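Reviewing the structure listed below.
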Amino acid sequence: TGGNQWAVYTDGYDRAVRILIEYAQEHQSELDVIVYPLIYTARHSFELRLKHIHSDCCRMLGEEYRLPGNHNMVGIWELVKPLLKKTFTVEVLRINSSADIEHFVNEFSKVDARASAFRYPVDKSGGQSLSAEVTHINVRSFYDQFQKAAGALDGFHVAAELVLEG
């Protein structure tokens with residue numbers, strides 16, 4: 001169900017993240033403005049990866065895939081985690097660190113559980129969408145953590161494609 005389309009969408013969002021990271025490095029004075037679309041775009045890219053590997057696992061197990069109807073990364077990760085264990089060998093699980101994925105999901109979800117904190121300045125009830133406790137975002141550290149976790153999900157996807165195409 002749209003296997004290649006998942007990769008096309010994810011690749012597009014990844015390219016946008018890289019462009020924003022490069023722009024931020026060249027124009028640091030604008031970082032306070034572009035940090036919101038940068039973080040939101042990275043988050044969406046990661047969510048697409050989670051949903052893609054969910055789809056891959058369902059295909060490998062011969063189960064029907066149902067697109068999660070929300071943006072709750074913790075909830076999506078909790079759907080995916082047992083499927084990874086059912087689908088992949090111990091070797092594949094060892095190479096692609098679920099710990100990196102889980103850390104990223106949990107840390108990000110503390111700040112933006114519903115994919116709205118970097119998308120809108122206010123929540124549906126009119127309150128501030130991003131916690132006042134968030135006063136500084138280390139973009140380099142965020143990007144490093146994003147790349148680690150995204151790389152692990154990409155590793156699972158590559159392994160899935162080898163099985164599905166082989």
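Note that the structure is predicted; figures quoted are calculated from it, not measured.
Ion pair D144/R140 flagged as a salt bridge, since at least one NZ, NE, NH1 or NH2 atom sits closer than 4.0 Å to an Asp/Glu carboxylate oxygen.
Q5 and Y9 form no side-chain donor-acceptor contact under 3.5 Å, judged by distance and modelled atom types alone. Between the side chains of D123 and S129, not a single donor N or O lies within less than 3.5 Å of an accepting N or O. A donor and an acceptor atom, one from each side chain of R59 and S55, are nowhere located under 3.5 Å apart.
In terms of heavy-atom proximity, E107 sits nearest to K110 at OE2-NZ, 2.9 Å. Minimum heavy-atom separation, P82 to E78: CD-O, 3.1 Å. Counting all heavy atoms, side chain and backbone alike, L79 lies closest to H54 at CD1-CE1, 4.1 Å. Closest approach of E47 to M73, counting heavy atoms only: N-SD, 4.5 Å. Pairing each heavy atom of R119 with each of R114, the nearest pair is NH2-O, 4.2 Å.
A distance of 8.5 Å separates CZ of F104 from CZ of R43, quoted to the nearest 0.5 Å. Note that CG of L93 is 10.5 Å distant from OG of S97, once rounded to the nearest 0.5 Å. Taking CG of D14 as the start and CZ of F46 as the end, the distance is 11.0 Å to the nearest 0.5 Å. Distance check, rounded to the nearest 0.5 Å: CG of L38 to CG of L31 gives 7.5 Å. Separating the CD1 atom in I53 from the CD1 atom in I76 is a distance of 13.5 Å, to the nearest 0.5 Å. Atom-to-atom distance recorded for F146:CZ and I39:CD1 is 10.0 Å, nearest 0.5 angstrom.
Under a hydrophobic-cluster definition in which Ile, Leu, Val, Met, Phe, Trp and Tyr are linked whenever side-chain heavy atoms come within less than 4.5 Å, directly or via other members, V33 and Y143 are assigned to different clusters. Both V105 and V111 are part of a single hydrophobic cluster, where members link through side-chain heavy atoms under 4.5 Å apart. Hydrophobic clustering of Ile, Leu, Val, Met, Phe, Trp and Tyr side chains at less than 4.5 Å, counting indirect connections, unites V163 with F88. Hydrophobic clustering (ILVMFWY, side-chain heavy atoms < 4.5 Å, transitive): V134 and Y120 are in distinct clusters. Residues L83 and I95 fall into different hydrophobic clusters, defined by Ile, Leu, Val, Met, Phe, Trp and Tyr side chains chained together at heavy-atom separations under 4.5 Å.
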(request) Walk me through it: do H157 and R49 pass the test side chain to side chain contact (heavy atoms under 4.5 Å, CB included)? (result) CA-CA 8 Å; H157 173 66; R49 278 183 170 84; over 6 Å; no
(request) Any chance you could lay out the side chain to side chain contact (heavy atoms under 4.5 Å, CB included) test for L61 and K86, step after step, and finish with the verdict? (result) CA-CA 8 Å; L61 294 168; K86 284 172 56 175; 4.1 Å; yes
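A donor-acceptor pair under 3.5 Å is formed between the side chain of T41 and the backbone N or O of P37. Looking only at distances, a side-chain donor or acceptor of T89 sits under 3.5 Å from a matching main-chain atom of V92. Panel note: side chain D56, backbone M60; no donor-acceptor pair is recorded below 3.5 Å. No donor-acceptor pair closer than 3.5 Å links the side chain of D11 to the backbone N or O of A7. Side chain of N106 to main chain of E102: a donor-acceptor pair is present (N/O by atom type, distance under 3.5 Å, no hydrogens or angles). Counting only distance, with no hydrogens or angles, the side chain of H27 and the backbone of Y23 share a donor-acceptor pair below 3.5 Å.
Screening T10, L48, I101 against L153 for a side chain to side chain contact (heavy atoms under 4.5 Å, CB included) leaves a single residue, I101.
Between C57 and F156 there is no side-chain heavy-atom pair separated by less than 4.5 Å. Inter-residue side-chain proximity for W77 and L84 is flagged as met; some heavy-atom pair is nearer than 4.5 Å. Counting heavy atoms from C-beta on, the side chains of C58 and E64 never come closer than 4.5 Å. Residues Y65 and K51 have side chains in contact (heavy-atom distance under 4.5 Å, counting atoms from C-beta outward).
Within 6.0 Å of the CZ atom in R15, the count of heavy atoms belonging to other residues, nucleotides or ligands does not exceed 12. Around NZ of K81, the count of heavy atoms belonging to other residues, nucleotides or ligands within 6.0 Å exceeds 12.
Note: H44 and Y40 have parallel aromatic rings, judged against thresholds of 30 and 60 degrees for the angle between ring planes. Between F118 and Y36, the ring-plane angle classifies as tilted under the 30° and 60° cut-offs. Ring pair H52/W6 is parallel by interplanar angle, where below 30° counts as parallel and above 60° as perpendicular.
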